[in-house]
Q: 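Sending over a structure as structure tokens; questions will come in a sec.
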Amino acid sequence: MNRTRAFLKKTAWSLFTIIFVIILNFFLFRVLPGDPARAGIRDPRLKKEAIEMLRVRFGLDKPVINCFESLNPIEVGSCAINPLDTQFFIYVRNLMQGELGISYHTNRPVADILAERLWNTVLLIGAGQILSIVFGVVFGIFAAWKARTSVDYAAVTTSLIAWSLPTFWLGIILLFWGSTHGFPLAGKATPGMSSMPLLQQWGDIARHMFLPTLTYTIVYMGEYTLIMRSSLMDVLSEDYILTAKAKGLSTFQILKDHALKNAMLPLVTVIAINLGFTVAGAIQIEAVFSWPGLGSAIYEAVVRRDFPILQGAFLLIAVAVILANLIADLTYNFLDPRVQTE
Amino acid sequence: MKTRFLFIIIVTVSLILSACGGGGGGAATVRVGWAGSPDTLNPGMAILVEAYTIFELVYDSMYELNLDGSFTLTLAESVEVSDDGLVYTYKIRDGIKWHDGKPLTAEDIAFTYNLYKDTPEYPYLNGYYTPYFDSIKADGNNVILTLTEAIPNIESQLVFLYVLPKHIWEKVDKLEFENFEMVGSGPFKMAEYVQNEFVRLTANKDHFSSPPKVDEVVFQTFENQDALVQAIKTGQLDMVTEMPNTAAETLRAEDNIEVVVGAPLAPGVTDIIFNQVAPENCPTDAGGLCTGHPALRDRDVRLAMAHATDKQKLIDLILLGLGNSGLTLIPDGLGVWYNDALKDYEFDVATANQILDDAGYKDTDNDGVREMPDGTQPLNFRLNWPSDSINAPRMAELLSEMWAKIGITLELQAVDPDALTAQCCPAFDFDIMIWGWASDPDPSALLYVYTTEAIPSGSSETGYSNPAYDELYAEQQTTLDFDARKDIVWEMQKIVHDDVVYIIPFYDANVQAYRTDRFTGWITDQAKVELSDVTSLIVIEPVK
């Protein structure tokens, strides 16, 4: 009973947040200066009619919402119009039907573009996350286990350096190194690979992923190592660990059966939050290695004032982060019974 | 749990290892690196130059634009023009085939031209190229094009109107169609397109006039220009279409790399814009605010600033020497249209100061800044530039130093490009701006920018108005004789140069590089340099 209510409450809050994001998302881009129908086209012979046609096609000729023709510059319009014929309600209605609109810049449905990009980002960041979690946890355990020895100091120093490295800088260094070792420097696949056997295609993608994944892994591994280490050291100083030692259990048994599960709690939080941001991609890594992910899509859309793409991408990220947090909350309930009773 | 992770790592590593050594195979593939990607492959909707590069390779049009600025008939074997210059009859070659094997006929061409003409949503191909089209008909082997008025530059109207297959385009939504499988008739066929990653084209060895000697061309998108330079250095690319000027020196030092510099296919102009709109010309109906500094309406002030501008220094410091000093909006890359007889204003600070002294702009309060002749306002100008420009901030600093020597100070500020457009035209809410243009093969478009008519339409950035110039503009638009038209175009450049409407610091250069150990025959000796143009890609051969 209690558990269901907590679940419902959290889900309701998440839904509320998403609705808020949808509304904010719309108005955020409407208060920016400039006319998206003119961005990218500045040409003396371009007829006014052509620009007007573009505005009609993208629905920019309609008032933003009742009482406002446009928000920047603020132009007051008639309030007595059919609200369903304003940009805002058309946007909401399309969203309800699962339509994210058409990209101004590429003239393609936003949903198609985001789907392609999302998959690429999940692939890259997913691999990076898994590797950095595995290595981070292992190194963190080692460091905590061998606390205050040279192993520990080496691990902490390396982690701190790795964590504080600027991602783009590390990326460029690795790119220069990789270029002399035969690693591809851009894209996700070698052109022409699509006709090759599947295994060879995967191998090609793996080769393209190597450098960006390595960059991502090095940076995030540092974070996970430090969190795992400090959390595990906290747990190891608890009384029940002393008891376990007194019972004559081996260090391995203590770590495995008694310490690790409790020490994982803070890590789960960080992982969940990071997974939410996974969708946003690592803009810097994607830019350095020309990885065609969501991060670079967002960057391009900002440059080109491609509002439909930005709205779609922001919504996607918001939903991902909210979902990840919801899942983290629920996992917490499961991992730690204390949370639930509060 | 742990064993599963281990499994993933092992699979990943083995995949990487198995892929090492895999690659292109025996085909002669030209790998081109560029920093962009086509926005769309629907020719009607495309805006970016990358899209046009692909269209040039995959489609044919009535004329081919050569790198020296001349045109060659391609799809038609001959053309007849009626005496009044209104009716063009093109006799289409026999035996041309689309990439899917169907024959290309006069029907297709007439269909395409009508498609462009009847689709006002197509920003360029309709509004830009078809305004003189009255009717287009196919008659057997002939395409009969009737114009609303006789014009001298039909070639430049038709050159970018890519001919599309009727059997495909009559069935699709002409606005939404993504055209990823592009069926054309050009020297290259679309093989594979992944947006923002690469475009892979295979050679159309059966092309009627220019079958390529290579087998494949791949355009790979690089978002990071350092990676682009590194990729050609290490041999992952055979050619790069752009790079930072700073990289040119490094690449020149490499053994197997040749760097080429020249005017781009669409020659670019960087301009310093003076708001000189006269109060009576202020387009208040179109939103004109006209807040420009009154001194900039005085030719003497602009002339003094031109004398005080060290263009060579700007070119050396900003472009690292890779650019040519400019005169008017008509760049040297336009070949015959460029008036090379004009003499630029000599860089001479003393002359500049003398001009301002004589015109009555004196520094009355001895603060180092001159005042208006009536003593009211100091010569302190706002200088703005689009915030996405790489070169403009440095140029602003340098101009600020140069013009300080003649008692003119600047307030420097970068502005978001869209906000700058709003400030610019037709609002005229600025003093001086740094911006630029890219030119058509025909000079008409940029000549229009100087006309009085362009002030309310938002194309005129300066507000310059000169009835004599306007008359010449109208005259050149209907002068059919090439030499007579050229003389008028030259005269127009002389007028705007004499009036110091702009200061043109330089014409931008295209900086490209290719590897000498992979393909030979790149065309580099023309007025314009564009290695990714069809002219180069059909003649290059693999190095034996």
Side-chain angles (χ1 to χ4, degrees), chain A residues 32-35 38-51 53-54 56-57 102 105-108 113 116 127 130-131 134 172 175-176 179-180 182 184-192 194 196 199-200 202-204 206-207 210 286-290 292 296-297 299-300 303 305, chain B residues 5 8-9 12 15-16 18-20 22-24 29 33 39-40 42 45 47-48 120-124 126-128 131 175-176 178 191-192 194-200 216 218 220-224 226-228 230-231 233-234 236 388 416-419 421-422 445-446 448-449 454 457 459:
Chain A
L32 288 176
D35 181 353
R38 282 201 69 176
I41 315 182
R42 200 173 76 97
D43 207 298
R45 279 208 283 173
L46 212 56
K47 281 196 287 189
K48 279 213 162 67
E49 292 83 357
I51 294 174
M53 285 288 181
L54 285 178
V56 172
R57 179 163 147 68
I102 291 176
H105 175 58
T106 62
N107 200 36
R108 295 180 59 203
I113 298 176
E116 283 167 20
I130 291 172
L131 289 175
V134 172
I172 286 188
L175 182 137
F176 275 73
S179 70
T180 55
L185 302 184
K188 193 189 91 182
T190 307
S194 55
M196 297 285 170
L199 195 70
Q200 215 171 338
W202 287 354
D204 183 53
R207 241 157 46 89
F210 181 78
E286 290 185 359
V288 168
F289 294 101
S290 312
S296 61
Y299 174 72
E300 283 154 28
V303 174
R305 264 178 220 290
Chain B
F5 282 142
I8 290 173
I9 296 170
T12 313
L15 279 175
I16 292 171
S18 72
C20 283
T29 303
D39 45 351
T40 164
N42 181 335
M45 304 302 285
I47 290 167
L48 293 188
E121 290 91 345
Y122 284 174
Y124 281 128
N126 176 273
Y128 207 116
L175 299 182
E176 311 274 333
E178 293 178 358
E192 199 182 356
V194 187
Q195 193 163 41
N196 282 86
E197 287 183 59
F198 62 83
V199 185
R200 188 164 67 90
E216 267 191 14
V218 166
Q220 173 102 44
T221 300
F222 281 71
E223 282 171 40
N224 170 4
D226 293 323
L228 190 64
Q230 192 65 16
K233 241 189 201 174
T234 53
Q236 292 192 20
D388 58 353
D416 173 85
D418 274 11
T421 309
L446 285 184
Y448 174 71
V449 174
S457 81
S459 293

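Naming convention: chains lettered A, B, ... in sequence-line order (proteins, then strands); numbering from 1 in each chain.
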Q: Side chain, backbone, both or neither: which part of L48(B) has an atom under 4.5 Å from a heavy atom of chain A?
A: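 Side chain only.
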Q: By side chain to side chain donor-acceptor pair (under 3.5 Å), which residues pair with N224(B), not counting sequence neighbours?
A: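 So N224(B) forms no side chain to side chain donor-acceptor pair (under 3.5 Å) with any residue.
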Q: Sequence neighbours left out, what passes side chain to side chain donor-acceptor pair (under 3.5 Å) with S290(A)? Give chain and number order.
A: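 With neighbours one apart ignored, the set is empty.
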Q: Hey, which of P191(A), A287(A), G187(A) has the most heavy atom pairs under 4.5 Å with chain B?
A: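 Of the options given, most contacts go to P191(A).
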Q: Taking every heavy-atom pair that is under 4.5 Å apart, which of V288(A), L175(A), L185(A), I113(A) has the most such pairs with chain B?
A: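 Winner by heavy-atom pair count: L185(A).
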Q: Looking only at atom types and distance, does a side-chain atom of Q220(B) sit under 3.5 Å from a main-chain N or O of G33(B), one as donor and one as acceptor?
A: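 Judged by distance alone, no pair lies under 3.5 Å.
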Q: May I ask you to name which of E121(B), Q236(B), R200(B), M45(B) has the most heavy-atom pairs under 4.5 Å with chain A?
A: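 Option with the top pair count is Q236(B).
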Q: Is it the side chain or the backbone of F176(A) that comes within 4.5 Å of chain B heavy atoms, both, or neither?
A: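 Looking at F176(A), backbone and side chain both touch chain B.
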Q: Answer yes or no: is there a donor N or O on one side and an acceptor on the other, between the side chain of N42(B) and the main chain of E178(B), under 3.5 Å?
A: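 Side chain of N42(B) to backbone of E178(B), a donor-acceptor pair under 3.5 Å: no, none is there.
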Q: With a 4.0 Å cut-off on N to O distance, would you call E116(A) and R108(A) a salt bridge?
A: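 A salt bridge is present here (some side-chain N lies under 4.0 Å from a carboxylate O).
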Q: Do any N or O atoms from the side chain of N107(A) and from the backbone of L175(B) form a donor-acceptor pair under 3.5 angstrom?
A: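 At least one qualifying donor-acceptor pair exists.
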Q: Using non-hydrogen atoms only, which part of F222(B) is less than 4.5 Å away from chain A: side chain, backbone, both, or neither?
A: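 It is both, since atoms from each part get that close.
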Q: Any side-chain donor paired with an acceptor under 3.5 Å for N196(B) and T221(B)?
A: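 No.
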Q: Can you tell me which portion of Q230(B) sits under 4.5 Å from chain A's heavy atoms? Options are side chain, backbone, both or neither.
A: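 When you check distances to chain A, atoms from both the backbone and side chain of Q230(B) fall under 4.5 Å.
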Q: Relative to chain A, which segment of E192(B) carries a heavy atom at a distance below 4.5 Å: side chain, backbone, both, or neither?
A: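 Just the side chain, heavy atoms under 4.5 Å.
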Q: Select one option (side chain, backbone, both, neither) describing which atoms of A231(B) are under 4.5 Å from chain A's heavy atoms.
A: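 Both parts, heavy atoms under 4.5 Å.
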Q: Check whether A422(B) gets within reach of chain A through its side chain, its backbone, both or neither, counting any heavy atom under 4.5 Å.
A: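 Neither part; nothing is under 4.5 Å.
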